[in-house]
Amino acid sequence: MFERDPETPTRRGRVRGFGSALLAGSVLAAGTVAVATAAPANGAIQTSALILADTDRDGALTAADAQGRATWTKDRGALFLANLDDDTSRCPTIGAGGVQLTDVQLASCHDAADGVVNGDSDVLDLARVRVQPVDTDDVSSVRVELRGVGATKVNVFVKRGSGSAAGDWAPLSATGKLPADLIADGVELGIEGKDIIRDASWDGQVTVRVVHRQGAKQVATDQVEMRVAPLLFVTDRMPIEKLYMADNETSVYEGAELPEPTAATLRTKSNADAMAADFLEGIERMGGDVQLEKLPSMQGARGGGNGTDIWTQDIMEPGLMSIPSESGEQQMRVFVRAPVRDGRDNAGQNPFRQTGRVVFTELRGPDVAGVQHFDPAYVPAAIPGQSYDTRGSTGNYGTLPAYEHDGKKYPLGRKVLGAVPGTGFTADPAFNEMLERQGFQDPITVDTSWLGVGHIDEFMSVIPADNERGWAVVAADPKLALDILTEVVEDGRGDERLYTPYGLVPPAGSNPPEMTVGEAVSSDAIISGTAIGHAGVNKALRVLREETGLTDDDIIRVPVLYSDRGTGRVGVQVPNASNLIGTGRDVVYIPTQHVPAVDGQDVFQAEIEERFAEVGTQVQWAEDYFYTSRSGQIHCVTNTLRDTTYGESWWTEGEKKSDESQGPKEFVTVSQPSVSGVYRSGRTVTVRPGTLRPAPGSVTYQWYRGSTPIPGATSSRLKLKAAWGGQVIRVGIASAREGYATVRTITSLGTLPRSFATKRKATVKGSYRVGRILRAQAPVLSPSAAKVSYRWFANGKPIAGATKKRLALKPRLAGKRIRVVITAQRPGFVPVKITVKAGKGWKLRR
């Protein structure tokens, strides 16, 4: 891949680990006058405001922020972050003397918990507030006060110096009085939140009030209203950066000793390795910039036995919090611990499923926060045969990507959760209330009580798609599955086993099912499961259609064979194709199906690949048959870290503006252009335009030598000519679609190397006998080489130490064929590499 020179900037800045800075001090230094007296001669912007925050959410403090500063609405008002990450990695993961920390203790440590700025990178998490300059002849002191419930929910810091280092920030004094030597020039404050919105006790807002005094007399006041940024869930439309799965060998308790693994654990690990190999193959297809990471999953330290918890999806949900910054957004990624109660120890300070500890012990750190929320008094209704409160598993939570419907815009989509309100089929109500109180990504509830485990991911997923939305819902279709298998029976193949191994060798102790295709299509359990599943899926899709405006073009139906478990709830009979991993890219992971083949291809897989190809998505099949045992599939046993800079900012959510005011829509860049091929005269290079959502209607190309267009070079391929040597080759790409602003990029391949001209060929001179010396003569080139190197070989193998012009023919070389490789190099030129055979390639004689 070659270097890319963007012609136009990206739509959104990337911050906190994405390469941009927060508001520059020089920008903030432009203050405004403080009171209705003569303005200080400091170049301040004229306004009557005494205090400013980023009310208009443009990332800068200007006079425009004065309007509406004393109130906060969904459309306008300043924001601050709940600073719950751990920028200096100071939070302990184990107590003194090796004592395990409780769930509550793990969550209690974060950057806002200690009232100091934790390292230079923590400065970026502070929302800036400007207390304007004063005339010290009229104002002798300035005090900052916090009003409302939010006064206990924030820390306030005062800046000295440039503000880029942690040492430039000191906590606001207990009295709120600002340093007297700063007030004449204005004072910059940094605000951090100590928590998210959790319940009715706090709406997330805090009033920051400034008071001017002359001696004991109050002469002026002003205030700005701020709100903590909401906790949002990421969407599967965001490109994946890391794929997580269980490691099946490390304890979730730090330092805990584990017994020797059982045969079942070893079998689980072996099956996981097979699945991981398919994950890595998919990563290669995506371009290799995704990482596969394994998280601790063994539970042997307290009441949960010694087994491994493979269900990585069900312990946490990835999220984000962000506020505006001058360069786009200041973001903090978040992992929200699932409100799953462990029935084996559901009390006190350790209410949660043990594996969820990784949110704090493994994942929280610089730029990454951890959150957990629960009602200590809540005890979930028991589920026969299950130790965990599965309704609170985060496989039962998800997010629909960005969309517009009924005049409203949802730039980061909406949360989706499975529940039946008013019944016991719900997660901890306090957790669901917390999600709703964020005020954005308004949750949609669908009924998942008809599913065996009761999770959304048992029947639906989301993937990118070449349609108007840019995404599609993948929905289970049990009738389609039954129809396809019925056709197999009608072709006279009903006696074949439903399970087809396709070369997969069952691990020791695993017994593949023996049901035939004919038995499956006539099974009362499968016929009943098909009816239950068909009704359940369609009921959920009706809700989604009403809430989002989904059409048939936005829904991809895939065959999923459900079976009634005898309780009115269904499980799958073969791997669940709707339980997939959406990567946010053009490759999607789906569990290998293992049903009979027609024309050499698994009938379910053939149907699925055809349907996904229609929306421009490739399928990477992942082997999980004996790893998950069909209690859940690859989505259930994985989790993700995603690129949260994708898409528009959440604070643009609200009433949709008219198209006239909005102007052309903008593409979303999924991947950048890249160039492949050998960059050398006489060879051909190919440019790939990258991926935009939605797909462009047209893509045009123009190749350049320097800044001069190459006549006729308007395709994606270019044959490189020797005459262009020493010049920079570039390619311009224009991607267009009706109603969208054209995206134009310039990709530079760098300087095309020149080629040497050969004036005299390379030779080897000397007597070709043992005891004599051979001399290599480098070729004579124009221009001359700056460096020439030699490497001698005997029978194709390098001769130790033989890297000079001369080679002494020692007895050990007798009977071997000798050759030398001469390499000539010069900066800016294609290296010349020549092989010269000694003695015309004959064996060396004594």
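- Under the 4.5 Å side-chain criterion, counting only non-hydrogen atoms from C-beta, Asp309 is not in contact with Gln354.
- Put simply, CZ on Arg337 and CG on Leu363 are 11.5 Å apart, with the number rounded to the nearest 0.5 Å.
- Remark: Ser523 engages no residue in a side-chain hydrogen bond (donor to acceptor under 3.5 Å, both in side chains) (not counting sequence neighbours).
- Note that CD of Glu241 is 8.5 Å distant from CD of Gln291, once rounded to the nearest 0.5 Å.
- Partner His635 forms a side-chain contact (heavy atoms from CB on, under 4.5 Å) with one of Thr312, Asn579, Leu580 and no other, that one being Asn579.
- Atom CD of Gln605 is separated from atom CD1 of Ile590 by 8.5 Å, given to the nearest 0.5 angstrom.
- Atom CG of Asp289 sits about 10.5 Å away from atom CD of Glu284, to the nearest 0.5 Å.
- By the 4.0 Å N-to-carboxylate-O rule, Arg497 lies too far from Glu514 to be salt-bridged with it.
- Annotation: side-chain hydrogen bond (donor to acceptor under 3.5 Å, both in side chains) contacts of Asp552 (sequence neighbours excluded): Arg545.
- Annotation for Ser251 and Leu258: closest pair N-CD1, 3.6 Å, computed over non-hydrogen atoms.
- Between Phe279 and Tyr589, the distance separating the two ring centers is shorter than 6.0 angstrom.
- Side-chain contact check for Met245 versus Asn639: every heavy-atom pair is 4.5 Å or farther apart.
- Using a 4.5 Å heavy-atom threshold, the side chains of Phe374 and Pro339 count as separate.
- Contact of the Glu519 side chain with the Ile526 side chain is not registered, since no non-hydrogen atoms from C-beta on lie closer than 4.5 Å.
- Every residue was checked against the side-chain contact (heavy atoms from CB on, under 4.5 Å) condition with Ala531, not counting sequence neighbours, and none meets it.
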Exercise answer: donor-acceptor pairs, residues 474-488 side-chain atoms, under 3.5 Å, sequence neighbours excluded:
| unit_1 | atom_1 | unit_2 | atom_2 | d |
| --- | --- | --- | --- | --- |
| Asp477 | OD1 | Lys479 | N | 3.3 |
| Asp477 | OD1 | Leu480 | N | 3.0 |
| Thr486 | OG1 | Leu482 | O | 2.7 |

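- In this structure Glu281 satisfies the salt bridge (charged side-chain N to carboxylate O under 4.0 Å, His left out) test with no other residue, sequence neighbours excluded.
- Evaluation of the side-chain contact (heavy atoms from CB on, under 4.5 Å) rule for Pro429 yields Tyr378 as partners, not counting sequence neighbours.
- For Arg391 and Asp428, the salt-bridge test fails: no basic side-chain N is under 4.0 Å from an acidic carboxylate O.
- Using a 4.5 Å heavy-atom cutoff, the side chains of His455 and Thr390 are in contact.
- With salt bridges taken as basic N to acidic carboxylate O contacts below 4.0 Å, one links Lys294 and Asp273.
- Heavy-atom minimum distance, Gln299 versus Val252: CA-CG2, 4.4 Å.
- Atom CD of Glu436 sits in a sparse spot, with 12 or fewer heavy atoms from other residues, nucleotides or ligands closer than 6.0 Å.
- Looking at residues two or more places apart in sequence or on another chain, you find a side-chain hydrogen bond (donor to acceptor under 3.5 Å, both in side chains) between Thr250 and Asp247.
- Shortest non-hydrogen contact noted between Asp457 and Cys636 is OD2-SG, 3.7 Å.
- Under the rule for a salt bridge (charged side-chain N to carboxylate O under 4.0 Å, His left out), Arg364 has no partner lying at least two apart in sequence or in another chain.
- Within 6.0 Å of the CD atom in Gln601, the count of heavy atoms belonging to other residues, nucleotides or ligands exceeds 12.
- Between atom OH of residue Tyr253 and atom CZ of residue Arg357 there is a gap of 5.0 Å, rounded to the nearest 0.5 Å.
- Rounding to the nearest 0.5 Å places CD1 of Ile555 at 9.5 Å from CE of Met460.
- Nearest heavy-atom pair, Val340 versus Asp314, reported as atom, atom and distance to 0.1 Å: CG2-O, 3.7 Å.
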inquiry  = I'd like to know whether Asp553 forms a salt bridge (Lys or Arg N to Asp or Glu O under 4.0 Å) with Arg469, so could you lay out the CA-CA distance, the side-chain angles of the two residues, the decisive distance to 0.1 Å, and finally the verdict.
reply    = CA-CA 10 Å; Asp553 290 340; Arg469 286 179 182 269; over 6 Å; no
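- Taking the six-membered ring wherever Trp is involved, the centroid distance between the rings of Trp450 and Phe425 does not fall below 6.0 Å.
- Every residue meeting the salt bridge (charged side-chain N to carboxylate O under 4.0 Å, His left out) condition with Glu607, not counting sequence neighbours, appears here in chain and number order: Arg611.
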inquiry  = Between Arg333 and Asp643, does the salt bridge (Lys or Arg N to Asp or Glu O under 4.0 Å) criterion hold? Intermediate values first, please.
reply    = CA-CA 9 Å; Arg333 292 193 271 197; Asp643 178 359; 5.8 Å; no
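- Take Asp466 and apply the side-chain contact (heavy atoms from CB on, under 4.5 Å) test, not counting sequence neighbours, and it matches Arg693, Ala695.
- Sorted by first and then second residue, the ring-ring contact (aromatic ring centres under 6.0 Å, His included) pairs involving residues 473-519 (not counting sequence neighbours) are Tyr499-His594, Tyr499-Tyr625.
- Pairing each heavy atom of Val517 with each of Pro596, the nearest pair is CG2-CG, 3.7 Å.
- Nearest heavy-atom pair, Leu417 versus Pro443, reported as atom, atom and distance to 0.1 Å: CD2-CB, 4.0 Å.
- Here the side chains of Val359 and Val371 are not in contact, with every heavy-atom distance at 4.5 Å or above.
- By the side-chain hydrogen bond (donor to acceptor under 3.5 Å, both in side chains) test, Thr617 pairs with no residue at all, sequence neighbours left out.
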